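Contents: one structure, followed by commentary.
Since we're looking at a predicted model, the values are computed, not measured. Below, chains carry the letters A, B, ... as their sequence lines are ordered, and counting in each starts from 1.
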Amino acid sequence: MISKIIEKKLVSLQLVRGLSSSTARSARNNAFNTVITEEVATKSPQLVTLHNRLRLPGSFKLSTLGRCLTCIQKDNKYPNNVGLSIFGKNLLSYHATELLLMKYPRLPLNVLNNAINGIIGDETLYSIGKEWGIQTDSSTAVEKFLNEEPEEITIGRLRFDNQNKSIESNLTVIDKKNTLTQEVAMASAVKSIVGAYYASSKSLQDTKKFIYNYILTTRHLKIQDMFEFEQPTRELAALCKRQGLEQPVTRLLSESGRASKRPVFLVAVFSGNEKLGESFGASLREAKIRASVNALMNWYLYSSLDVKLPSDADYSRETLKEVDHGIVIV
Amino acid sequence: MPVKALKATTVAINGVKSFILPCQKIKIDYCNWGGSSLGIKQYIQSKKFQKFAQDNQNIQINLHHRPGHHPVITGYYANGRTKPICVKNLDLETIDKKMDIVRSSSGEILGKYKHAVQSVNESARGIWSPLHVDPSQRHKI
């Protein structure tokens, strides 16, 4: 029993780490007859160009890259990317969560979850994969045989059992059993490239750099557009009470064309002599609500100037300046 | 009611931290028989083409024998668009320039930009507001 568990663990370890030892694995488990060899992978134009495009290190083998593009499939002769993909997903979610939590320490939990999903969700990773130039394999086995498609061309494409199979023009079969959508398959390939990056470079700092350069910092997320307040004025009042500030008071700062068709009012929220937020609106009521929203956003989107992450080398707990008290409940 | 969260996805800003060339693949169609393919055949055999392939190892280059047709260079881009350029009867030098155009293009439709700067970030200075001007100077409606 114990030996079986150990063997299972070894197999899962090899899935993550040992890509060179996959031959030993396939001998034990007859599910995969063939392994993508380095010799064939070097001939594949898609793999070589993808490797160069992402400036992957020399230790990241082309055959590993080929494995990253192999999704779980029914009739699959190559080892698939499931283990690498899970590993890569964990690396990605760790770095995305860490970055958001340290950058915006007061972010509400539901906004944080949505933001993480916006950064490393399947939809985003799909568009990242397309920008990286990962091509999907849409031809059937018969077509491949008739076209005499060489192995190196096949392994350079993203291979998966497509949920939507177009049989003829205007005719698509949707088969949800053991299939993947193109989006999920592409996302798994991107995740497994991240996982394989660590597996081959064996350096967490290099992998972090890769994740930041190619996924996190090279894309822009508008977090301020992700909030929706139902009763911002009440929420602001509750927040001020909790923080021991004076109750918020709205004051009209300036106005233009009150009697005209398009009046503009500039309103600010004050707590004592401190201005919390400011905004404009076409009516006094609208301006007041907008100003409260602005004040709440200023609170929730607080960000310190020098952000140090726990994965940084020079991080210490003393640098932690802000501890969140949680969201305001009205 | 507490804050509600809306969904959003990130927008690519290619060039920040890392740059991925939008041109992913170049397909070169040529004919072995037609006279209009003379230039492209010379180009394929030339050292210029070898250098191009060596310098751009992130671009997949496909040579496609297409008998009875004029030669075409087609670029395939990250946004899913293609850019086909006909190179019939062109000489080696001009074809080299055309290859450069295909390589450097973003794949977007050619158009005129209205503003000198395009950015996904908000302006650091903010938009000018007439309501924040000194009240004595302010325009009254």
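For chain B, the nearby part of A:Q135 is the side chain; its heavy atoms alone come within less than 4.5 Å. Interface remark: A:D225 contributes backbone atoms only to the contact with chain B (heavy atom separation under 4.5 Å). The contact between A:L54 and chain B is made entirely by side chain atoms (from C-beta outward), counting heavy-atom distances below 4.5 Å.
Taking non-hydrogen atoms and a 4.5 Å limit, the residue list of residues 114-125 of chain A in contact with chain B, ordered by number, reads A:N114, A:G118, A:I119, A:E123, A:T124. Residues of residues 57-80 of chain B having a heavy atom under 4.5 Å from any heavy atom of chain A, listed by number: B:Q57, B:N58, B:I59, B:Q60, B:A78. Residues of residues 30-52 of chain B lying within less than 4.5 angstrom of chain A, judged on heavy atoms, are absent. For a heavy-atom cut-off of 4.5 Å, chain A lies close to B:V120, B:N121, B:E122 in residues 104-128 of chain B.
Residue with the most contacts toward chain B among A:S127, A:G133, A:P108: A:G133 (heavy-atom pairs, distance under 4.5 Å). The choice from B:N56, B:V16, B:L131 that makes the most heavy-atom pairs within less than 4.5 Å of chain A is B:L131. Highest contact tally toward chain B, considering only A:Y212, A:F265, A:F227, is held by A:F227 [criterion: heavy-atom pairs under 4.5 Å]. Top candidate by heavy-atom pairs under 4.5 Å with chain B, chosen from A:I128, A:N213, A:V111, is A:N213. Considering only heavy-atom pairs separated by less than 4.5 Å from chain B, the leading option among A:E228, A:R234, A:K130, A:E255 is A:E228.
Between B:I13 and A:H220, the closest heavy-atom pair is CD1-CB, 3.9 Å. For the pair A:E131 and B:I20, the tightest heavy-atom approach, listed with the atom from each and the gap, is O-CG2, 3.5 Å. A pairwise comparison of heavy atoms in B:R138 and A:S254 identifies NH1-OG, 3.1 Å as the closest pair.
The side-chain heavy atoms of B:V3 and A:E235, taken from C-beta on, include a pair separated by under 4.5 Å.
Within the model, atoms CG of A:N110 and CG of B:L6 stand 9.5 Å from one another, a figure rounded to the nearest 0.5 Å. Here B:H132 contributes atom NE2 and A:L266 contributes atom CG; the two are 4.5 Å apart, rounded to the nearest 0.5 Å. Atoms CD1 and OG1, on A:I215 and B:T10 in that order, are 9.5 Å from each other to the nearest 0.5 Å. Rounding to the nearest 0.5 Å gives a distance of 11.5 Å between CG of A:N113 and NZ of B:K7.
Under a cut-off of 6.0 angstrom, the local environment of NZ in B:K25 is crowded, with over 12 non-hydrogen atoms contributed by other residues, nucleotides or ligands. By the 6.0 Å contact criterion, NZ on A:K89 is open, its count of non-hydrogen atoms from other residues, nucleotides or ligands being 12 or less. Within 6.0 Å of CZ in A:F280 there are 12 or fewer heavy atoms belonging to other residues, nucleotides or ligands.
A donor-acceptor pair shorter than 3.5 Å cannot be found between the side chains of B:S18 and A:R55.
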